[in-house]
Each structure stands twice: as C-alpha cells, then as structure tokens.
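So that the names make sense, note that chain A is the first sequence line, chain B the second, and so on, each numbered from 1. All values below come from the heavy atoms of this structure, side chains included, with hydrogens, waters and symmetry mates left out. Predicted, not measured: the structure shown is a model, and the values here were computed from it.
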Amino acid sequence: MNPFTTRRQALKLLARGAGSATLSPLLGACNPSGRRPAAKTLIISSWPLYIDIDENGSPGTVRRFEDKTGIHVSYREDINDPASFFARIRLPLAMGAQIEQDILVVPNWLASRLIRLGWLEKLPLSSIGNARNLKPWLRHPVWDPSENYSLPWLVGITGIAYNIRETGRELTSVNELFARDLAGRVSFLSEWRDTLGLLMLAEGVDITRPTYADAKPALQRLEQAKTSGLIRAFTGNDYQKDLLVGNLAACVAWAGDVAQLLGENRDLRFVVPSTGGVLTADTMVIPRHSRGRSEAAAWMNFVYEPGNAARIAATTHYISPVEGVAKIFAASPATASLVDDPLMFPTALMNRRLHMLGPFSDPDEEAIERDFARLIAS
Amino acid sequence: MKPLPNLRLSRRSVPQLLIAPGVAFLLFFFVLPILQLLRESWSQPSSRFGLETTLSANPQNYSDAISLAAPLFLRSIAVAGLATAIGLAVGFPMAWWVVRRGGRWKPLLTGLVVTPFFFSYLVRTIAWTTLLADSGPLMQVIRFLSLGHLLNAVGLLEEGRLLNTTTALVAGLTYNYLPFLVLPMIASLGTINPTLLDAAADLGAQTPRIFTKVVFPLALPGLISGGLLTFIPAMGDVVNSQYLGGVNDRMIGSLIADLVLIQQRFTTGAAISILLLLFIALSLWMYRRKFGQASLGGH
C-alpha cells in the first residue's frame, strides 16, 4: 500500500479544513481585511515543488504572506541543481556585488560554504520571533555553528523512487538500482552528496564522518555502471518528468517529490533502502548586501508559524523543521493520517535508518567534486 | 585667416574607413575575449571560489585539458562529422529542389527552411525529448512495426530506447543545424547557370555524370560553407548532448560548460577552448592549402 497522501489530496484536505475550527491555526496568517500597499518585492530562489501554491480556491503560502504583509513576493523555482545554482551566484558574490535574491533556499552544505566565504548576511533573528519554534534537534546545526545565518526550510529524505509498473517488482535496496533488467532506465542525482551518501550507506560506511577514501568505492561503482550502460542519466530535480512518463523505472530521489508526483501517477513508489537513507536539510539564507533583510525576516517569521509550516509540509510531504506541525495535523481528522507518515514524522525505527552526511575536509570535498564531475561530464 | 584643412578623403582611405566599424567590432568582441581566454589558460586560480588568477608558466591547465578532453574530443569529431554528413545528404536534395523546382515559391520555401529559428533552440531540443521518449510516438511506431530488436542489434537503439542515446544526439544535431547547411547550398546552387546542365546533356552526359562533373564541383563552395557552419558549432554543442544524448555521449562543449559552470575550473576550461580553437583553425588552414580559398566559398 502506498503510504502517501498526494499533493492534490493534501490541498483538498487543507481546503476542507479551512472551514474547520480545528485547523484554525492554518488560517491564522490570513488577513481578510485587505492588502497593504506593496513596498518591496521579496525575491526568493527555491526548488520546484517545494511550497504550497494557489489551488482549488485555496491561497498558497506566497499569496497569504502577501495578503498579510503587503510585501510582494517573487518566488522562483529556479534551483534544479545546487552546484549549478552556486555557479550562477558565485560571480557577483565573489565580486562583492549584490544579487537580486533576498532569500536562497539551499542545501545545508551550500549554506555552510556560503557562510565560510562570508557571502551571507546574519539573520535578523530578533525580528523572527517564530524561530523559537525550530525543532530542538535542528537547533545546533553543524553547517552553521554560530546559528546566526540559516533557518531550515524543510528536511528531506534521499532514497529510491520507482515505478512499479516499469520495474515489475518492489525495490528495497540500492543494489537493485544496478540490476541488469533495469539497465538504461535508472538515474542518479547529480547532487553528489545524496547519490554518494546513499551508495556509501549501502557499503556500510558511517557517513556522518566521511572521507574521500570512503567515497571512492561508490564512485568506482558508478563509473562501472555508467560505462556498462546501466545508468541513463545524472539529473537534478528534473528526474521527475522522466519518472512520471516512464522513461525511468527507478532513480535516486527525494521523498517529498515522489509523494507530490503520486497525484499524477499512482504507480510511483518511494522507499528508504534497507541500508539507510540520507537526510538533507534545505535552509533559508540571506545573501550578502540584500536590501530586503526586513522583508526576508517577515517571510521567515511567517513560515515558522506552525499553521503556515503545516500547510507547506502537508503539500510538500517533507519533514517540517517547525515544532507543533504534528499537533495541528493530529487535531483534524482530515490530516491526522499524515502524522503516521514515517517520511514526514520519522518514527524511532525510521530515524535509525536515516543519516545526515557529515562534512568532508576541504581537500576531500574538492577531490570528490572533481571525480564526480569528471564522471558525469566524460 | 588660416585655410581650412583639406577634408577630402583620399580614394585609398575610403575602404579603410568603411571597414573600421567591422574591425572594431571584431577587435572588441572576438580578439580581446580570445586574448583573455589565452591569459586565463596560462593562469592559476588564487583560491577555490575566488575570481583572482595569477599568470603562471606552468602548463598544468593544458595537461589537465588534454587528459580530460582527449576522449571527448574524438567523440565530438565523430558525432559532429556524422551529423554534418547526414545533414548534407538530406540538405542537398532539399536545396536542389528549392532552387530548381521552387519557381516563384522559392523565397517562401527558403523562408520555410529557417522557420525552426522562430522558436528557441532549447525549447526545440526539449520538445524532441517528448517525441523520442520511451512511450513517445516514435517508439510506438517502432514497437508497432516490431523493429525494436533489429534497431537494437544495429545499435540505433540502446537497451531498447531512443532517448538518451547517440542516435538521438546525432538526430538532434542534424535537425538543429540543417538550416545552416541548406541556406548556403541554396545560395550556391542558385548561381549555377541552367544552360550548363543543358549543354552537358546535349554533349551526351547522363544525369549521374552531370551531377559529378558539373553540379557537384560548382556547388562545392556551398557544401563546404554549410558543412563548416554545421560541424564547428556541433562540435561544441551542449544542449543536444545534455537532453538527447546519454551519459556516455557527452561532448567537448559539455565538458567546457561543466568545468566553467559547475566545477569552477575556468582556467582548465579556457585551455580546452584554446585547444579547440587551434584545432579548428589548423584544420581550416590545411584544407585551404589543399583545396584553395575558392572551395571555402571565397574567390
């Protein structure tokens, strides 16, 4: 049985819940009295399928934020692959110039790099009162030791997605991605931390303290698979279309994406491999010289209200970093089942199978990046 | 009162003034960027993510470039060459038909050749992914005709698929660059005086002989120009290789893009670009020496 509630179902549930007192926190952010005049456009760069949108007459988070604050938001789903996104923003940031975005939703490793390079503004935490709702286990992130530069947006699980009609069987392990009968119909993420993390877990490596030597066997395995025609593509977030239309039978994917795609193809499945899945946090950061810091703070404060966080989590099916979301879901029969989804609210058993890839040393990271890029580009 | 200087231009200075804007354009947008590229190819970055580089006599970038690019270089030549050859085979009859049979519709037909350019190159290529998808219309036809095993056996399909294969890559390149091939051929074939063909026929030459002895030599400048306009950009193409090719079909352009845009190794990317430029320039020079300027479309 498929454990997911689809994106469409979730929106329906929440739209229905709009009339329910039990879900009143979800509506707490709305301001029906009218819009304030727009003062500044807040520009956000994020990933596709990573927020609730206006649908079925129910306003999405962006619209509700605009209604409440009068701040116009340009929400761009323009991050497909963080490495290429970094390449886009690197030039102006390295030159000390301002980029147009006020908030970037980037993986924790990229946030860590941007912090080290001094290319971020400190968050105006005094204006983000709701930051106190951050879940305790995310309060002391290794990627942001000073805890001043980032707030998690959502936490995702990297595992295996597959189309049961195409595979003809359930998949449970990473090894099955290398099966001969799936040759040419499998893709891996070009985000090497997720791909290698998953393969390293399959090799029994402790990925919380990884080294180049740990990653080498996984790289070699990929190289062999690529040469022998097993791998169809290395993709960013764009694996979704190929998975939907059946070009891919299986792929390394992010749990929330697959949950959302279920509405369009009921044959899709997501599994955390028996050897473990990779936990990744995407974080909100403010790039250096942003002129929209106060607007960015207003946005962060807004999405950290449990009601708003619940809407985002219900739609995206990722793990919300905000405390209180489970309580809101549980309070309504319409959304109570989401609390039992171990991919949104990992149980103790699931937690034991999830691991966050630790930081590599700088030389190791550079070496792996080179090897992986060479693997993809050659 | 001083006499005004003579502002009349000498006959010799007029052409120089006329070409000055073109020379300035080339200087700023071609020569200077290449000099900058050359400088970068002999530089080392000061830090991993910074922009500063320092000049260095160390040929490290070039040795990296050769080791990284050599296999892709040969593949790029083969793929671009194949796409150009198929383009010539398809484009020549098309151009001949437009010139010889187009009549008063010739301007319209010529316009139709460039119609694909009205749409974004990227969008056109991505549209092909739908056509070639595993459950797309072309694969459905192949399955309906039970041609899958045969096409797999001859290597046109890989693991029973068309998308993300060398076949798809070559087909995409051929399609995208076909107008660049056809237009010079239309221009070239249009200059052939039809009475020459009549004269050859009157002298007893059969159609194949007329083609090889009259049409082909006269059309050669157009063929060469079109071939070069296809082959050179096809070698450095990124889009087709990314969307239509497979993981083992990356070309030299993809490598440069990856080095510059993903790996932040601009200096190595610059070295590969310089080597590619030298290769193309050297090939053209050798060709010109062997066949003369006229074969390249000049006089």
Side-chain angles (χ1 to χ4, degrees), chain A residues 81-88 90-96 113-114 116-119 166 180-188 190 192 222-223 225-236 238 241-242 244-249 362-363 365-366 369-378, chain B residues 45-53 64 67-73 75 126 129-130 132-136 139 152 155 157-166 168 238 241-266 268-269 272:
Chain A
D81 168 76
S84 26
F85 183 73
F86 174 69
R88 267 170 51 199
R90 171 186 160 245
L91 195 67
L93 287 174
M95 289 166 67
R113 179 184 287 176
L114 293 170
R116 287 200 311 270
L117 289 166
W119 292 355
E166 303 294 335
R180 194 66 237 174
D181 65 321
L182 300 181
R185 310 198 59 203
V186 173
S187 76
F188 289 81
S190 55
W192 63 263
L222 280 176
E223 178 80 56
K226 181 194 166 206
T227 311
S228 59
L230 291 176
I231 298 175
R232 180 167 187 143
F234 291 97
T235 70
D238 47 346
K241 184 193 158 209
D242 284 330
L244 267 181
V245 301
N247 288 339
L248 292 175
D362 273 353
E365 184 186 74
E366 196 173 349
E369 262 182 13
R370 281 196 181 203
D371 284 2
F372 195 79
R374 190 174 185 149
L375 170 79
I376 292 180
S378 64
Chain B
S46 306
S47 63
R48 191 172 164 206
F49 301 116
L51 299 178
E52 291 81 22
T53 54
D64 282 354
S67 76
L68 280 171
L72 274 72
F73 198 67
R75 186 188 297 153
I126 290 175
T129 62
T130 308
L132 306 182
D134 293 10
S135 51
M139 281 306 296
N152 232 4
L157 298 185
E158 289 172 30
E159 307 287 355
R161 72 176 195 276
L162 194 49
L163 185 61
N164 303 129
T165 64
T166 313
V238 178
S241 137
Q242 180 173 344
Y243 288 98
L244 303 179
V247 287
N248 295 311
D249 292 314
R250 293 286 174 261
M251 293 171 63
I252 199 86
S254 313
L255 178 65
I256 296 171
D258 192 81
L259 285 166
V260 173
L261 298 177
I262 308 289
Q263 297 187 56
Q264 324 288 322
R265 293 170 66 190
F266 190 80
T268 314
I272 296 179

Does some side-chain heavy atom of [Y] sit less than 4.5 Å from a side-chain heavy atom of [X]?
X: A/Glu369; Y: B/Gln264; answer: no
X: B/Asn164; Y: B/Leu244; answer: no
X: B/Ile262; Y: A/Ser84; answer: yes

Contact origin within [X] toward chain A - heavy atom pairs under 4.5 Å:
X: B/Leu163; result: both
X: B/Thr268; result: neither
X: B/Gln263; result: side chain

Do you know which of A/Ser190, A/Gly184, A/Ala83, A/Gly246 has the most heavy-atom pairs with chain B at a distance under 4.5 angstrom?
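Winner by heavy-atom pair count: A/Gly184.
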Which of A/Ala233, A/Gly229, A/Ala377 touches chain B most, by non-hydrogen pairs under 4.5 Å
A/Ala377
Heavy-atom distances under 4.5 Å only: say whether [X] touches chain B with side chain, backbone, both or neither.
X: A/Arg185; result: side chain
X: A/Leu117; result: side chain
X: A/Arg90; result: side chain
X: A/Asp81; result: side chain
X: A/Arg116; result: neither
X: A/Leu93; result: neither

Over 60° means perpendicular and under 30° means parallel, so tell me whether A/Phe188 and A/Phe234 are parallel, tilted or perpendicular.
tilted
Angle class for the A/Trp119/A/Phe86 ring planes (parallel below 30°, perpendicular above 60°, tilted otherwise)?
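Aromatic pair A/Trp119/A/Phe86 classed parallel.
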Can you tell me if B/Asn248 uses its side chain to pair, donor with acceptor, with the backbone of A/Lys226 under 3.5 Å?
yes
Say whether, by atom type as modelled, one donor and one acceptor occur between the side chain of B/Asp249 and the main chain of B/Ser241 under 3.5 angstrom.
no
Applying salt bridge (Lys or Arg N to Asp or Glu O under 4.0 Å), run through B/Glu159 and A/Arg180 and close with a yes or a no.
CA-CA 10 Å; B/Glu159 307 287 355; A/Arg180 194 66 237 174; 2.7 Å; yes
Can you tell which of B/Leu261, B/Val247, B/Leu51, B/Thr130 has the highest number of heavy-atom pairs within less than 4.5 Å of chain A?
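The residue among B/Leu261, B/Val247, B/Leu51, B/Thr130 with the greatest pair count is B/Val247.
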